[in-house]
Colleague: 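One structure, pasted below without further comment.
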Amino acid sequence: MSESASNSRRSFIRNISLASVVLLGGKLNALSGEDVFRLRKKVKLRFVVLSDSHYGQPKTLFDEMMQTVTTEINHFHQANPVDFCVINGDLIHNEKTFLPRFKEKADRLAVPYFVTRGNHDMVSDEEWKTVWNTPLNHDAVVKGSALLFGDTSNEKGTYLSPDLVWLEKKLKDYKKNKQVFLFLHIPQAKWTANGIDTPAFFELVKQYPNIKAVFHGHEHDKDGVHMHENIPYMFDSHVGGSWGTDYRGFRVVELMNDRSLVTYMMNPTVKLLEEIY
């Protein structure tokens with residue numbers, strides 16, 4: 001291995017946290033950074049999930065934090081091509097005038113990206129559509145995988161369940177797709193301090209075994225995976241705001257050729273600090 005390749009490998013492994021693999025039977029196994037590096041050649045689909053930038057929050061370095069994460073993702077993409085990125089809610093912090101400015105920052109991403117509304121994205125349905133040119137509930141298909149983006153709040157910032165009528169229709173539309181990924185800012189169970197309780201949501205999703213994973217933001221101090229009825233519910237910490245995990249990172253998700261799912265957090269900022277000190 002050349003010196004540059006060796007340095008690239010060390011950098012990649014150094015910045016991985018909480019790596020795991022979700023097997024076809026729903027079993028969750030821990031992985032090492034070495035394991036993730038070794039499996040890179042078997043990736044069929046790779047995407048990044050981040051949330052809670054809280055762009056515009058007073059007394060935070062929101063411009064700097066957004067610049068940092070877009071730069072980090074672009075650097076990651078150069079070495080490990082990413083098919084798309086999802087910014088899963090709380091893009092801004094309450095003040096709606098920041099939404100167009102946030103889009104300007106997000107547009108610096110070198111990969112296609114999608115967004116969902118969180119409880120701090122206090123804009124109307126029309127204001128959202130004007131900026132993003134897409135409805136609050138929307139869907140896409142990338143490399144045969146269906147992506148469903150559900151709205152879980154409103155202009156007042158209320159914690160809500162997704163529109164289950166819309167969700168059921170989309171799940172029926174995509175029932176022949178081998179995998180569906182669902183993105184909702186607000187957790188729909190009281191697993192966390194700020195989740196809500198929506199039993200009907202779980203009654204619906206368990207009818208569709210092709211749901212590969214569900215992704216939540218909202219909980220800045222959560223960066224793990226919660227298994228429920230063989231479906232992984234994944235949290236991605238935060239990239240902005242004034243509280244949460246001691247690093248600001250993003251989640252990488254890799255669908256493998258055998259349809260297992262490898263996922264890990266990237267936290268290059270805290271790792272760099274560790275090197276300095």
Side-chain angles (χ1 to χ4, degrees), residues 19-24 36 39-51 53 69-70 72-89 91 103 105-118 128-129 131-152 162-163 166-185 205 208-217 225 231-236 239 249-266:
S20 56
V21 58
V22 183
L23 302 173
L24 287 181
V36 175
L39 290 167
R40 286 189 310 167
K41 294 181 180 179
K42 299 181 180 180
V43 174
K44 179 179 181 180
L45 174 76
R46 177 185 289 116
F47 59 93
V48 163
V49 188
L50 61 149
S51 67
S53 49
V69 74
T70 54
E72 290 169 0
I73 291 171
N74 288 343
H75 285 164
F76 180 86
H77 171 62
Q78 288 175 359
N80 310 277
V82 172
D83 293 295
F84 65 90
C85 177
V86 179
I87 310 175
N88 198 13
L91 317 182
K103 184 178 185 300
K105 303 295 182 182
D107 282 348
R108 297 176 182 177
L109 286 167
V111 299
Y113 71 92
F114 305 93
V115 293
T116 68
R117 180 168 68 172
W128 181 271
K129 191 172 183 178
V131 172
W132 298 112
N133 196 32
T134 187
L136 285 158
N137 294 310
H138 58 293
D139 57 288
V141 176
V142 178
K143 290 186 174 179
S145 292
L147 317 176
L148 304 183
F149 308 97
D151 185 36
T152 54
D163 181 340
W166 169 83
L167 181 57
E168 183 173 18
K169 179 183 183 304
K170 290 300 176 182
L171 289 173
K172 287 180 179 177
D173 288 346
Y174 292 118
K175 65 182 179 180
K176 293 184 179 180
N177 290 66
K178 289 184 178 180
Q179 52 270 329
V180 173
F181 297 103
L182 176 58
F183 302 86
L184 308 170
H185 181 72
V205 299
Y208 294 87
N210 63 339
I211 295 177
K212 197 68 176 175
V214 181
F215 299 88
H216 295 308
V225 179
I231 296 176
Y233 291 77
M234 301 186 184
F235 295 83
D236 56 67
V239 298
F250 54 91
R251 179 170 292 283
V252 179
V253 182
E254 297 174 340
L255 178 68
M256 313 306 284
N257 290 329
D258 65 0
R259 295 184 59 215
S260 60
L261 207 62
V262 170
T263 184
Y264 48 96
M265 292 295 297
M266 294 296 292

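Here the structure is a predicted model, which is why all the values come from computation and not from measurement.
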Colleague: With the side chain counted from C-beta on, respond yes when Trp166 and Leu148 share a heavy-atom pair under 4.5 Å apart, and no when they do not.
Modeller: yes
Colleague: So do Thr263 and Arg251 actually touch side chain to side chain, heavy atoms under 4.5 Å?
Modeller: yes
Colleague: Using modelled atom types only, decide if a donor and an acceptor are shared between the side chain of Thr116 and the backbone of Phe149 within a distance under 3.5 Å.
Modeller: no
Colleague: I'd like to check Phe84 versus Leu147 (side-chain heavy atoms, cut-off strictly below 4.5 Å). Are they in contact?
Modeller: yes
Colleague: Glu168 vs Tyr208, test: side chain to side chain contact (heavy atoms under 4.5 Å, CB included). Steps then yes/no.
Modeller: CA-CA 10 Å; Glu168 183 173 18; Tyr208 294 87; 4.3 Å; yes
Colleague: If I compare all heavy atoms of Val225 with all of Ser20, which pair ends up nearest, and what's the gap?
Modeller: CG2-OG, 4.2 Å
Colleague: For the backbone of Phe215 and the side chain of Asn88, can you confirm whether one donor and one acceptor N or O come within less than 3.5 Å of each other?
Modeller: yes
Colleague: Taking all atoms of both residues into account, what is the closest heavy-atom pair of Cys85 and Ile73, and its distance?
Modeller: SG-CD1, 4.3 Å
Colleague: Please check if the number of heavy atoms outside Asn133 that lie under 6.0 Å from its CG is greater than 12.
Modeller: no
Colleague: Over 60° means perpendicular and under 30° means parallel, so tell me whether Phe235 and His216 are parallel, tilted or perpendicular.
Modeller: tilted
Colleague: Not counting sequence neighbours, list each pair that qualifies as a salt bridge (Lys or Arg N to Asp or Glu O under 4.0 Å) and has a residue in residues 39-51.
Modeller: Arg46-Glu254
Colleague: How about Asn137 and Pro162: do any of their side-chain heavy atoms sit closer than 4.5 Å?
Modeller: no
Colleague: Evaluate the side-chain proximity of Val205 to Val214: yes if any heavy-atom separation is below 4.5 Å, no if none is.
Modeller: no
Colleague: With sequence neighbours left out, which residue pairs that include part of residues 80-89 fulfil the salt bridge (Lys or Arg N to Asp or Glu O under 4.0 Å) condition?
Modeller: Asp83-Lys143
Colleague: Tabulate below the donor-acceptor pairs under 3.5 Å that side-chain atoms of residues 177-184 make, not counting sequence neighbours, or state none.
Modeller:
unit_1: Asn177; atom_1: ND2; unit_2: Gly144; atom_2: O; d: 3.0
unit_1: Gln179; atom_1: NE2; unit_2: Ser145; atom_2: OG; d: 3.1

Colleague: Could you tell me if the side chain of Leu109 sits less than 4.5 Å from the side chain of Val48, heavy atoms only?
Modeller: no
Colleague: Within the structure provided, determine whether Met266 and Asn80 are in side-chain contact (heavy-atom separation under 4.5 Å).
Modeller: no
Colleague: Return the CG to CG distance between Leu261 and Leu24, rounded to the nearest 0.5 Å.
Modeller: 10.0 Å
Colleague: Working note: Lys169 + Asp139, criterion side chain to side chain contact (heavy atoms under 4.5 Å, CB included); need CA distance, chi angles, decisive distance, verdict.
Modeller: CA-CA 11 Å; Lys169 179 183 183 304; Asp139 57 288; over 6 Å; no
Colleague: Restricting to non-hydrogen atoms, name the atom on Lys175 and the atom on Asn210 that form the minimum distance, rounded to 0.1 Å.
Modeller: O-ND2, 3.6 Å
Colleague: Using a 3.5 Å distance criterion without hydrogens, assess whether the side chain of Lys212 forms a donor-acceptor pair with backbone atoms of Arg259.
Modeller: yes
Colleague: What verdict does the side chain to side chain contact (heavy atoms under 4.5 Å, CB included) test give for Leu171 and Ile211, after you've listed the backbone C-alpha separation in whole Å, the side-chain angles of each residue and the deciding distance to 0.1 Å?
Modeller: CA-CA 9 Å; Leu171 289 173; Ile211 295 177; 3.9 Å; yes
Colleague: Side chain of His185, backbone of Arg117: donor and acceptor closer than 3.5 Å?
Modeller: no
Colleague: Looking only at heavy atoms, which two atoms of Tyr113 and Asp107 are closest? And how far apart?
Modeller: OH-OD1, 2.6 Å
Colleague: Can you name the closest pair of heavy atoms from Ala110 and Asn74 and give their distance?
Modeller: N-OD1, 2.7 Å
Colleague: Using the side chain to side chain contact (heavy atoms under 4.5 Å, CB included) rule, take Phe114 and Thr134 through it: C-alpha gap first, then chi angles, then the decisive distance, then the call.
Modeller: CA-CA 10 Å; Phe114 305 93; Thr134 187; over 6 Å; no
Colleague: Looking at Val239, Leu91, Asp236, which hits side chain to side chain contact (heavy atoms under 4.5 Å, CB included) with Ser51?
Modeller: Asp236
